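Below is one structure, written out as structure tokens, with a few remarks after it.
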Number of protein chains: 2
Amino acid sequence: MKVAKRQLIIDKALELIRKNGYRATGMRELAKAFSMEAPSLYNHIKSKEEILQETCFGMANKFIIALDEVNDIYFNGEEKLRMAIRNHIEILTSNLNATHVFLYEWQNLSEPHLSKFVELRHRYQEGYREIISTGEKEGVFKESDIKFATLTILSAINWVIEWYRPDGKMNPKEIADKLTDFILSGLKKEKI
Amino acid sequence: MKVAKRQLIIDKALELIRKNGYRATGMRELAKAFSMEAPSLYNHIKSKEEILQETCFGMANKFIIALDEVNDIYFNGEEKLRMAIRNHIEILTSNLNATHVFLYEWQNLSEPHLSKFVELRHRYQEGYREIISTGEKEGVFKESDIKFATLTILSAINWVIEWYRPDGKMNPKEIADKLTDFILSGLKKEKI
DNA sequence: TGCCTTACCTAACGTTAGTTAGCGATGAAG
DNA sequence: CTTCATCGCTAACTAACGTTAGGTAAGGCA
């Protein structure tokens, strides 16, 4: 039972944090969502930062594992990119609140967790860089500044969190496919 | 003299806010940067939020004016997009700290400024939507979900703030051009 | 000389933050 | 029936926040 309520608290915390920001989300406000007083929360969690840490590192793991799988299973660069983006969008859309914390609130981590987290982020970028590099070597992707392409791609797929609505007209897979098409082929009509 | 120091204070504030976040940046810390005590700041500024307001609305104006110009002067959709992105990157890279506040800290605005600001942001997006819509009607751009394309493009050009370094190897114009090429033509090699 | 403004100071206010201490009720286990 | 962990509570602490009040030294100007 304890573990269940703990998860409820964390979930609600993530929801509030996404809505108002980590610093603006107080323990008293969080407690109110459960008709409790703030100190009672500490029967379930160790501290406010514990929520932040668990979420940041938990999501980092999810993203990294999914990416490593792609790099292991698929060989073709284009296929790799398509699957990586599909996985990323899938994780992002099914963990909107947690992903927001992962993307934008990690700066509130205290040391040494902050440094550790930055390193994980770096590793994730590295994975994408590899994929693009693969596609380039295969002659399928243009010769491009790989760092540049990586960052641009990551920005596009992360921005999805800003406008995705679970009840919208596109489901995660459709978003991922459309995004991949856009990234691969751009906006311009192909010359005939 | 007073106006000069006021600007120095605001500039330093923006620098600190970009580094640590609006809420994490305190008046005492800001004052320390000038070897002053916190209350002395109030001889130069009215409040902490004044800095936020001035920056958010000031930057919004810059971006919107630049975009309106593009929509007035150029006719071709592709040219419009190229110039809009060039202007955007130019403003962004020459106001890194202020742009960060504009992009990520506006949520700390209090009402009614918050609503007003959101409306301005909306208008800026609208401008990009128009451009893409123009290119589509001309038959130069693919038939695409315009909202989707707009958001993806804006995310890519805004993400530049995350990795741009003034002493890096690409200057703003190069970044803008490369970004535009990427957005227009994508990552894949053109079929022969 | 006398005065007013500028720009700093110290002291302190009121609020809010995260958290701890310690107590009481409940309910399952031995 | 007793025991003991669970999970709430109130009270309160420390630290930090933005800001105000009120005072003082310096410099331009009548």
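Please read these numbers as outputs of a predicted model, since none were measured by experiment. Here is the naming used below: chain letters follow the sequence lines, and residue numbers restart at 1 for every chain.
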Show every salt bridge (Lys or Arg N to Asp or Glu O under 4.0 Å) that has at least one partner inside [range], sequence neighbours left out.
range                       : value
residues 36-57 of chain A   : A:Arg6-A:Glu50, A:Arg6-A:Glu54
residues 84-104 of chain A  : A:Arg86-A:Asp177
residues 160-170 of chain A : none

For the pair made of [atom1] in [X] and [atom2] in [N], what is the distance, rounded to whole Å?
X       : N      : atom1 : atom2 : result
A:Lys5  : D:dT6  : NZ    : C1'   : 11 Å
B:Glu37 : D:dT24 : CD    : C1'   : 15 Å
A:His44 : C:dT19 : NE2   : P     : 15 Å
B:Leu41 : C:dT6  : CG    : P     : 17 Å
B:Phe34 : C:dA7  : CZ    : C1'   : 14 Å
B:Leu30 : D:dC17 : CG    : P     : 12 Å
B:Asn43 : D:dA21 : CG    : P     : 14 Å
A:Ile17 : C:dG18 : CD1   : C1'   : 14 Å

Partner set under salt bridge (Lys or Arg N to Asp or Glu O under 4.0 Å) for A:Glu126, not counting sequence neighbours: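 Checked A:Glu126 against salt bridge (Lys or Arg N to Asp or Glu O under 4.0 Å); matches are A:Arg129.
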query: For residues 93-103 of chain B, which residue pairs qualify under side chain to side chain donor-acceptor pair (under 3.5 Å), counting only residues two or more places apart or in two chains?
result: B:Arg18-B:Asn97
message: Among residues at least two apart in sequence or on other chains, which ones pass side chain to side chain donor-acceptor pair (under 3.5 Å) with B:Ser133?
response: B:Lys137
Shorter than 3.5 Å, N or O on both sides, protein versus nucleotides 14-17 of chain C: list them out with atom names.
none

task: Under the ring pair (Phe, Tyr, Trp, His ring centres under 6.0 Å) rule, collect the residues that match up with B:Trp159, sequence neighbours excluded.
output: none
task: For A:Phe102, enumerate each residue passing the ring pair (Phe, Tyr, Trp, His ring centres under 6.0 Å) test, keeping only those at least two apart in sequence or located in another chain.
output: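 Result, ring pair (Phe, Tyr, Trp, His ring centres under 6.0 Å) vs A:Phe102: A:Phe63, A:Phe117.
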- request: Can you run down the ring pair (Phe, Tyr, Trp, His ring centres under 6.0 Å) pairs that involve residues 21-43 of chain B, sequence neighbours left out, and say none if there aren't any?
  value: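 Qualifying pairs, neighbours excluded: none.
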query: Would you say the side-chain atoms of A:Thr25 and A:Glu29 include a donor-acceptor pair closer than 3.5 Å?
result: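 No, because no side-chain N or O of A:Thr25 sits under 3.5 Å from a partner of the opposite role on A:Glu29.
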statement: Nucleotide by nucleotide, nucleotides 20-29 of chain C touches protein heavy atoms under 4.0 Å in the pattern (B base, S sugar-phosphate only, - none) BB--------
message: Does D:dC9 have its OP1 or OP2 closer than 4.0 Å to a side-chain nitrogen or oxygen of A:Ser40?
response: yes
- prompt: Under a single-linkage definition using a 4.5 Å side-chain heavy-atom cutoff for Ile, Leu, Val, Met, Phe, Trp and Tyr, are B:Leu114 and B:Leu120 assigned to the same hydrophobic cluster?
  reply: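 In one cluster with B:Leu114: B:Leu120, yes.
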Nucleic acid contacts of residues 103-112 of chain A, taken as heavy-atom distances under 4.0 Å to DNA chain D: none
